[in-house]
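Ligands are counted one by one from 1 in listed order, and the atoms in each one are counted from 1 as well.
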Amino acid sequence: MTTMPAATKPAAARATVYGYPRQGRDRELKRAIEGYWKGRVTADALRATAAELRRANWRQLAEAGVAEVPTGDFSTYDHVLDTTVMVGAIPARHRAAVAADPLDGYFAMARGTRDVAPLEMTKWFDTNYHYLVPELGPDTEFTADSTKQVGELTEALALGLPARPVLVGPVTYLLLAKPAPDAPADFEPLALLDRLLPVYAEVLADLRAAGAEWAQLDEPALVQDRTPAELDAAARAYRALGSLADRPKILVATYFDRLGDALPVLAKAPVDGLAMDFTAAAAPNLDALAAVGGLPGKRLVAGVVDGRNVWINDLSRSLTTLGTLLGLADRVDVAASCSLLHVPLDTAAERDIDPQILRWLAFARQKTTELVTLARGLSLGTDAIAAELAANRADLASRAGSPITRDPAVRARAAAVTEAEARRSRPYRERAAAQRARLGLPRLPTTTIGSFPQTGDLRAARADLRAGHLDTAGYEERVRAEIREVVSFQEEIGVDVLVHGEAERNDMVQYFAEQLTGYLATQHGWVQSYGTRYVRPPILAGDISRPEPMTVRWTTYAASLTSRPVKGMLTGPVTMLAWSFVRDDQPLGDTARQVALALRDEVNDLETAGTSVIQVDEPALRETLPLRAADRAGYLEWATEAFRLTTGGVRPDTQIHTHMCYAEFGDIVQAIDDLDADVISLEAARSHMQVARELAAHGYPREAGPGVYDIHSPRVPSAEEAAALLRTGLRAIPADRLWVNPDCGLKTRGWPETRAALRNLVTAARTVRGELPAS
Ligand code: GLN
Ligand code: ZN
């Protein structure tokens, strides 16, 4: 175990964090912001709530023993949008609104207005947090606005707390940006670096003047594969910022993966500290750090506690890592691998989780305690934290030995999976013929992606059920009524493959997680997804099994109402992992296989109940693609195997569909092919069937439904517009392999536009069918 080497006497290690959940214990922030949008909360009241939440967080961190609290990480919407404001990169279309009222202008950039489109939103690296994408062009002029950064630093310092401002670094900011709509096609935002650096210099000087000893510049983009030119830009940026006379000490923070080729660049840069991820990327980062000869003269902040998952840390393992690092830098401080924004606030709020299991979990507050304990152990030796280490060992042992963690039946079944089980019994050609004979569908068959409008009335029924105002029988009758409505509407307009509408589902992952053994649900485990939207990801805690069928009765009820095929509807194994907290005690592929086997039983039960078409949604397949290209093949291997294991057990004449909702998928088209689904539906309406052309270019051999109805807006496409998209699709995909469907599920839409749009979609299919040569 770790004791301090006698020869070196580094300063005592400190515990720090890069960011903290923003919402408050009862999601006060969400209520204040949404209240402001509705005009029920004044701007001043919103600001006061925000300031109070920041103060509460800092106090809590300081009381726990965190030596340096983060500032500037807080946001009323998104920290990348805050950076856009900080550097003055307001898109032209939003400038008037921002000038008229900075707060309203800020929300206009985030959410759009009646007249002006918002910034695009996309996922922050491989997390489920979404940021607003900066739009930059050759004409972008940057101007420094350090109001928010300086203001929040001043607030923390006024409490007497040592504070470290956290900023999105200039290289990551530019690499996350996209060219403005009017920028030339070959424009790269990184070309603006030399224009941006003086603005960062100004903000840093302002922070120094306001009392910052350190400033943290986050550069997670440097853990991705970067070109020599991009690495060069990073070198230039930190040479320039490091050489400023008037600045705080600079800590460059990296997380989510290994630094690779960017490590020597940062090690050489004249900055004062480097933060690295020693959780997922521990081994490669350790090796690379040793290879560059450590960081002499610099501060190393070691992210040894997983900042994006919910499990307690193995303290003694972390101490070993920290001990190894001690000799490699001037001083070593202890941190979570990334901002704690990605985990819920406090396990103490959970009342429904077995207390024994609760001890295996660490949310933001518990992680903070772990960091402080580790810093103490590193500074004072393991004796100083003997009690904590003993308790930690006991909790880890209780988790490892628990029957929840290891179900022998599940393990035996997963271990016995054969290659053949993860394959359909017949090749696609034969299946297609058998399915054609069984289903008797027209060419250009019409279908939808699964969900129909989740009306306020349905949500109210679910809330009533939870509150005990409605009994199960009453609730289920409400769901059946909705199914009747959805089925009769689809029959009336002439959809070919019907759905039951998913009225019974709160969320496409949670609904299944609640029914699978081994999954935990939280009551208060909210995590920010974007803006004021928070989600409560379920926790994959143990071995996964399915006590009983999950969807069969709803699908068969729908099927009993019609003679047309009704598509069974499941969430796929990769998505079940991607939108949950995953186990950290076994490879992801093992967890995926367990989930796949449970879903496989559901697929087979649906088939036995007479379902001839079954859709397994995998909208998350691409978003969990590893950040580094070298890791992708391994991921896609288990991911595609899990999908095939889910779907491989059905007869040749049962048609397997899958659905994914993204328009750019060039880098995984081979993986999509490897799923061996009979039909895939994809988002395509906005990109004018681009995916159809990409599938064709790849030689995709099976059936596909590129969406012809953009469901992200209430706008109703005309039949002529949908027909035009279909004709475009037909240029890439032949008529006997082209499906007609919307881009995605309709749950966020209202009934009026859904009715009109689907009618037009069916009309379009009929029109274009009429134009086809007889087959
Ligand atoms: N079947 C799901 C639905 O229609 C698919 C959702 C999704 O792709 N995200 O809602
Ligand atoms: Zn979708």
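Nearest heavy-atom pair across H659 and L682 is ND1-N, 4.5 Å.
Among protein heavy atoms, atom 9 (N) of ligand 1 sits closest to M508 SD, 3.5 Å. In terms of protein heavy atoms, atom 2 (C) of ligand 1 is closest to D617 OD2, 3.3 Å. Annotation: atom 4 (O) of ligand 1 to nearest protein heavy atom, S451 N, 2.9 Å.
Cation-pi check for R702 over Y700 is met; the charged atom lies under 6.0 angstrom from the ring centroid and within 45 degrees of its normal. Both tests hold for R111 against W37: distance to the six-membered ring centre under 6.0 Å, angle to the ring axis within 45°.
Other residues, nucleotides and ligands contribute at most 12 non-hydrogen atoms within 6.0 Å of the CD atom of E548.
A salt bridge does not link R644 with D676: none of the charged nitrogens is closer than 4.0 Å to a carboxylate oxygen.
If you number the atoms of ligand 1 from 1 as listed, the ones under 4.0 Å from a heavy atom of C744 come out as 7 (C), 8 (O).
Considering backbone and side-chain N/O atoms, K747 comes within less than 3.5 Å of an N/O atom of ligand 1. The N/O atoms of H659, backbone and side chain alike, include one that comes under 3.5 Å of an N/O atom in ligand 1.
Proximity of M660 to ligand 1, defined as any heavy-atom pair under 4.0 Å, is not found for any part of the residue.
Between F125 and F256, the angle of the ring planes lies from 30° to 60°, which puts this pair in the tilted group.
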